[in-house]
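See structure below.
Atom set for the values below is all heavy atoms of this structure, side chains included, hydrogens, waters and symmetry mates excluded.
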Amino acid sequence: MKSILNLTYPATFKFSFTKAEIKDGKAFMNAYGIKQTFEVKNHAELERFIQTIAEKCVVNPSNVDYEIID
């Protein structure tokens, strides 16, 4: 996960994640992007949002990557 310091809220984010998957007995690392942008009001809300994405996509929260959109 990227670290963001000195961030001013509210902020708009875009997310992506990688997920190890096994198909037909072969392991793959697939990258997924979430095209929708999201606005969060504070750091705690961002952390909860990352957890929610990870749970719904069945990925490790440390594999959720995000960037600030200007």
Side-chain angles (χ1 to χ4, degrees):
M1 184 175 358
K2 291 181 183 177
S3 296
I4 297 178
L5 303 174
N6 300 322
L7 183 62
T8 302
Y9 290 97
T12 304
F13 293 87
K14 185 165 71 174
F15 292 87
S16 65
F17 62 90
T18 57
K19 183 176 181 182
E21 298 176 292
I22 297 175
K23 293 180 184 174
D24 299 324
K26 296 179 183 177
F28 297 90
M29 288 295 289
N30 291 313
Y32 299 92
I34 300 172
K35 294 183 180 186
Q36 181 179 353
T37 58
F38 302 91
E39 184 174 295
V40 293
K41 296 179 178 104
N42 55 49
H43 189 73
E45 187 176 317
L46 173 61
E47 292 296 327
R48 283 191 304 273
F49 196 67
I50 291 170
Q51 281 292 339
T52 300
I53 289 172
E55 288 171 12
K56 290 188 183 284
C57 298
V58 192
V59 296
N60 182 330
S62 66
N63 288 340
V64 177
D65 192 18
Y66 53 91
E67 66 181 82
I68 301 169
I69 301 171
D70 295 328

Problem set entry | With Glu45 via side-chain contact (heavy atoms from CB on, under 4.5 Å) - residues at least two apart | Val40, Lys41, Asn42, Arg48
Exercise. Do the side chains of Gln51 and Glu55 get nearer than 4.5 Å, heavy atoms only?
Worked result: yes
Seminar exercise, completed: d(Phe38 CZ, Thr52 OG1) to nearest 0.5 Å is 10.5 Å
Problem set entry | Qualifying residues under side-chain hydrogen bond (donor to acceptor under 3.5 Å, both in side chains), relative to Asn30, sequence neighbours excluded | Glu21
